[in-house]
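This report refers to the structure that appears directly beneath it.
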Amino acid sequence: MTVLNKSYMSITQQRQIEDVEYDIRNYINAYSEDDFNKVLEKDERWDVFYHLSQMRQSLFNWYTFDETSHLLEIGGEFGALTGLFCERCKQVTCVEESEFRAEAIYERYKHKENLEVYVGKVQEIKFKQEFDYIILVGKLEYMGEGSKGKDKYVAYIQDILSLLKDDGKILIATENRYGIRYLCGARDILTNKPFDGINRYIDGGNAYAFTRQELIRIMESIEGMKYKIYYPLPDYRCPQLIYSDLYLPKSNLRERIIPYYTSKDTIIANEKELYDDIAENGAFPFLSNSFLIECTKGGTVCDVTYAALSTDRGEEHGFATTLHESGQARKTALHNAGIRSLENMYANLMDIKKHNVAIVPQEFKERFIEMPFVQAPTLSDYLKMIIRDDTKTFEEMFEKLYEEILKSSDHISSAKNAFPRHDDDTRDYGVILKHAYIDMIPINCFIKEGKLIFFDQEFKRDNFPANYIMFRALKYTYMFITFANSLVPLQKMKEKFGLTKLWEDYAKEENRFVQDNRDYKTYGNFLEWSKLDKKDIRSNILKLSYK
């Protein structure tokens with residue numbers, strides 16, 4: 001059972017407890033870990049989401065921890081990451097200065113056999129062993145008491161290095177005060193003031209967020225320190241993508257991430273609209289909203305160069321897709337329940353392959369699918385590259401895509417069409433596929449030497465129209481290439497593929513699918529935070545223009 005150790009607690013460490021913290025602790029007492037989604041459905045406060053959502057685990061659920069390791073988590077808060085560490089490591093030690101929060105962590109994970117929770121400051125605790133991993137999430141910013149120099153942060157890291165095994169690693173997640181979110185007007189996470197970090201906190205404060213180069217100076221001030229910088233998007237709190245210097249984004253980020261804003265009253269630009277320009281101009285490492293730094297003296301850094309996370313899609317459909325320095329890519333189930341979904345994905349790809357559709361070579365292993373990294377753009381990226389100069393090829397690529405869709409499965413009688421219809425529906429649904437692989441869309445295939453090569457075919461609909469897949473392909477292409485309609489009218493494409501009369505009903509069906517797949521019940525508040533109205537942005541800009 002979990003141990004709660006208060007022998008290093010000091011009365012001076014106690015702090016005022018906010019009302020929302022009492023509510024979070026009451027939720028922890030009243031619900032099991034598996035039932036927190038019920039809380040997120042009804043409580044729309046950011047603090048509740050931050051401490052209870054599984055999306056928090058995306059910061060580390062892709063990382064390969066040694067299962068025989070001992071891990072130290074400094075600043076466990078309410079334990080959003082602690083449970084993940086208990087699953088991945090042999091022994092976990094969590095230090096939390098707040099007695100109130102430490103007790104909540106204990107209550108949340110009291111059934112664990114490999115967790116000890118300390119109340120106190122890590123510098124004052126005498127541990128029984130050295131650690132393989134030390135975790136610092138959102139803590140380094142506070143270790144210099146607002147200092148803008150590097151010395152206090154260097155000294156702190158050197159102190160905790162004494163707790164680390166010779167080949168151990170420290171993992172640090174921290175803010176970037178030049179993050180694109182902050183340049184777009186978002187309130188600084190440390191002070192709640194817009195543009196405060198880029199002004200180096202002119203009114204001072206008890207914390208300081210770093211630039212990339214400031215972090216590098218801190219790391220290089222420690223003799224023998226090796227380090228690797230990752231870039232979580234949209235930030236380290238709710239990561240969906242994680243890049244590194246060995247694999248940086250090139251384009252079409254807008255279709256891969258969902259930025260969010262818990263306060264929108266100061267936003268003057270939508271960061272999602274800026275990412276492609278940032279990537280194209282080589283500015284992404286400087287403007288990333290957050291950093292994750294892996295550092296070690298005697299060990300080796302992780303070989304993952306990129307990770308895409310779908311933690312928010314539940315246990316059955318939660319995956320980590322990772323690229324490795326070896327040249328391999330993996331799609332790993334984050335939970336045991338996801339292994340069945342991986343098996344289905346593999347079976348879908350093998351069936352497509354039997355129908356002479358090219359796929360990325362796959363090998364199914366215990367809980368992941370392994371494949372080679374393909375040095376080619378996705379069809380989605382390619383379409384965006386060519387549309388301004390070659391609309392003819394743009395249209396032809398959709399024709400080519402449709403040919404592959406028609407090849408992917410046997411054709412059956414229109415009488416067996418399973419698409420939800422009215423009894424008097426006489427519309428022409430075109431070719432009906434025995435198995436419609438609805439993820440055969442531009443983001444899920446590469447184009448190499450003019451050939452389409454498919455991957456990630458998780459979902460299928462039996463006895464479904466082939467042009468429903470084309471509807472999805474067009475819908476998401478035109479959603480993410482925002483200027484496409486002005487060059488190749490969407491209406492023209494609807495007519496080409498027999499979608500004009502079907503579009504509205506297909507859109508309703510797609511909305512039902514997405515709501516279920518994205519778990520709108522649980523993540524509805526998060527998705528509301530992600531919405532930015534251009535009218536509100538214009539209003540905020542006008543406020544800055546007032547004399």
Side-chain angles (χ1 to χ4, degrees), residues 1-8 32-34 54 56-96 101-120 122 125-137 139 157 160-173 226 228 230 292-304 307 309 311 315 318 320 322 324 330 332-339 365-368:
M1 297 291 287
T2 294
V3 174
L4 178 61
N5 190 325
K6 296 186 179 183
S7 57
Y8 294 93
S32 70
E33 187 79 8
D34 296 334
Q54 282 199 345
R56 292 287 313 286
Q57 295 184 2
S58 295
L59 184 59
F60 292 115
N61 59 14
W62 56 274
Y63 188 87
T64 304
F65 291 98
D66 183 342
E67 61 184 15
T68 66
S69 63
H70 288 66
L71 179 146
L72 172 63
E73 180 185 17
I74 300 177
E77 298 181 321
F78 283 98
L81 297 169
T82 311
L84 173 70
F85 299 142
C86 290
E87 292 173 9
R88 301 292 177 88
C89 303
K90 181 178 180 180
Q91 183 66 39
V92 175
T93 301
C94 178
V95 176
E96 171 55 52
R101 291 188 171 196
E103 289 174 344
I105 297 171
Y106 169 78
E107 183 64 31
R108 187 169 181 171
Y109 300 113
K110 61 186 177 184
H111 60 286
K112 297 289 185 183
E113 299 289 342
N114 61 340
L115 175 62
E116 184 168 11
V117 181
Y118 282 85
V119 185
V122 69
I125 299 173
K126 295 180 180 179
F127 297 105
K128 302 169 186 175
Q129 76 284 313
E130 294 178 326
F131 297 94
D132 299 281
Y133 303 98
I134 296 178
I135 308 293
L136 277 171
V137 175
K139 302 301 175 188
I157 293 174
I160 63 174
L161 276 171
S162 65
L163 304 173
L164 200 65
K165 293 180 181 178
D166 290 342
D167 60 350
K169 304 175 186 180
I170 303 175
L171 293 162
I172 302 169
K226 295 179 288 186
K228 183 176 182 178
Y230 292 95
L292 174 63
I293 306 98
E294 178 188 28
C295 46
T296 181
K297 278 197 164 184
T300 57
V301 294
C302 179
D303 76 334
V304 173
L309 298 315
T311 313
E315 294 194 358
T322 51
H324 300 257
R330 288 182 179 178
T332 305
L334 295 176
H335 306 275
N336 289 335
I339 296 175
K365 298 193 176 180
E366 185 177 352
R367 62 181 302 128
F368 61 85

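- Side chain of Asp303 to main chain of His324: no donor-acceptor pair is present (N/O by atom type, distance under 3.5 Å, no hydrogens or angles).
- At distances below 3.5 Å, at least one donor-acceptor pair connects side-chain atoms of Glu294 with backbone N or O atoms of Cys302.
- With Asp132 as reference, Lys165 is the one residue of Lys165, Lys169, Gln91 to meet the side chain to side chain donor-acceptor pair (under 3.5 Å) rule.
- Distance check: Glu87 CD to Leu334 CG gives 10.0 Å after rounding to the nearest 0.5 Å.
- A distance of 6.0 Å separates CG of Leu72 from OG1 of Thr93, quoted to the nearest 0.5 Å.
- One finds the OG1 atom of Thr311 at 7.5 Å from the CD atom of Gln57 (value rounded to the nearest 0.5 Å).
- Qualifying side-chain hydrogen bond (donor to acceptor under 3.5 Å, both in side chains) partners for Thr296, counting only residues two or more places apart in sequence or in other chains: none.
- Interatomic distance, Leu292 CG to Leu171 CG, rounded to the nearest 0.5 Å: 6.0 Å.
- The two residues Tyr109 and Gly79 have their closest heavy-atom pair at OH-O, 2.6 Å.
- Every residue was checked against the side-chain hydrogen bond (donor to acceptor under 3.5 Å, both in side chains) condition with His335, not counting sequence neighbours, and none meets it.
- Taking CG of Leu163 as the reference point, atom CD of Gln129 lies at 9.5 Å (rounded to 0.5 Å).
- Between Gly120 and Ile125 the shortest heavy-atom distance is C-CD1, 4.5 Å.
- Arg367 places a side-chain N or O within 3.5 Å of a backbone atom of Ala333 that can act as its donor or acceptor partner.
- Closest non-hydrogen pair, Val119 versus Lys6, comes out as CG2-CG, 4.0 Å.
- Under the 3.5 Å distance criterion, with hydrogens and angles disregarded, no donor-acceptor pair is assigned to the side chains of Arg88 and Asn61.
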Side chain to side chain contact (heavy atoms under 4.5 Å, CB included), that's the test. Do Val122 and Ile134 meet it? Break it down for me. CA-CA 11 Å; Val122 69; Ile134 296 178; over 6 Å; no
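- Separating the CD1 atom in Ile160 from the CZ atom in Phe131 is a distance of 11.0 Å, to the nearest 0.5 Å.
- A tilted orientation is assigned to the rings of Tyr118 and Tyr8, their planes being inclined by 30° to 60°.
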Checking side chain to side chain contact (heavy atoms under 4.5 Å, CB included) for the pair Leu115/Cys94: CA distance, chi angles, key distance, verdict? CA-CA 7 Å; Leu115 175 62; Cys94 178; 4.2 Å; yes
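- Closest heavy-atom contact between Thr2 and Tyr106: O-CE1, 3.2 Å.
- With sequence neighbours excluded, no residue forms a side-chain hydrogen bond (donor to acceptor under 3.5 Å, both in side chains) with Thr300.
- Between Tyr63 and Phe60, the ring planes are perpendicular. Angles over 60° get that label, and only those under 30° would be called parallel.
- Panel note: side chain Glu96, backbone Glu77; a donor-acceptor pair is recorded below 3.5 Å.
- Looking only at distances, a side-chain donor or acceptor of Glu113 sits under 3.5 Å from a matching main-chain atom of Met1.
- Heavy-atom minimum distance, Ile339 versus Glu366: CG2-O, 4.1 Å.
- Of all non-hydrogen atoms in Cys86 and Asn114, the two that sit nearest each other are O-ND2, 2.8 Å.
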Determine whether Val117 and Thr82 satisfy the following criterion, side chain to side chain contact (heavy atoms under 4.5 Å, CB included), listing intermediate values before the conclusion. CA-CA 10 Å; Val117 181; Thr82 311; 5.9 Å; no
